[in-house]
Amino acid sequence: MAYKISDDCISCGACAAACPTEAISEGDGKFVIDADKCVDCGSCAAGCPVEAISAE
């Protein structure tokens, strides 16, 4: 179950910097998580200043 980034994303990049598997990249207007690379560690959610990341 990969994490998801909502439309509340402000594109700050904190999640990408926190991701140990480099599963997060800048998408169209917000960052996106590659579900195949995500290991469900939660580092991205912990580092998000606007709480735009959740487990789905």
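- Other cluster members for Ile10: Val50, joined by side-chain heavy-atom distances under 4.5 Å among Ile, Leu, Val, Met, Phe, Trp and Tyr.
- Residue pairs meeting the salt bridge (charged side-chain N to carboxylate O under 4.0 Å, His left out) criterion with at least one partner in residues 14-28, sequence neighbours excluded, do not occur; the list is empty.
- Applying the salt bridge (Lys or Arg N to Asp or Glu O under 4.0 Å) criterion to Lys4, with sequence neighbours excluded, gives no partner residue.
- The CD1 atom of Ile5 sits 9.5 Å away from the OG atom of Ser54 when rounded to the nearest 0.5 Å.
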Working for side chain to side chain contact (heavy atoms under 4.5 Å, CB included), residues Thr21 and Asp34: CA-CA 10 Å; Thr21 61; Asp34 181 340; over 6 Å; no
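- For Asp7, the salt bridge (Lys or Arg N to Asp or Glu O under 4.0 Å) test picks out Lys30, with sequence neighbours left out.
- Here the side chain of Ser11 pairs a donor or acceptor atom with the backbone of Gly29 at under 3.5 angstrom.
- Through side-chain heavy atoms spaced under 4.5 Å, either directly or across other Ile, Leu, Val, Met, Phe, Trp or Tyr residues, Val32 is tied to no other residue.
- Ser6 pairs by the side-chain contact (heavy atoms from CB on, under 4.5 Å) definition with Asp8, Ala52, not counting sequence neighbours.
- Taking OG of Ser25 as the start and CD1 of Ile33 as the end, the distance is 9.5 Å to the nearest 0.5 Å.
- Nearest heavy-atom pair, Cys38 versus Ala23, reported as atom, atom and distance to 0.1 Å: N-CB, 3.8 Å.
- The shortest distance between side-chain heavy atoms of Cys19 and Ser43 does not fall below 4.5 Å.
- The nearest pair of heavy atoms linking Ala45 to Tyr3 is CB-CE2, 4.0 Å.
- The two residues Phe31 and Ile24 make their nearest non-hydrogen contact at CD2-CG2, 3.8 Å.
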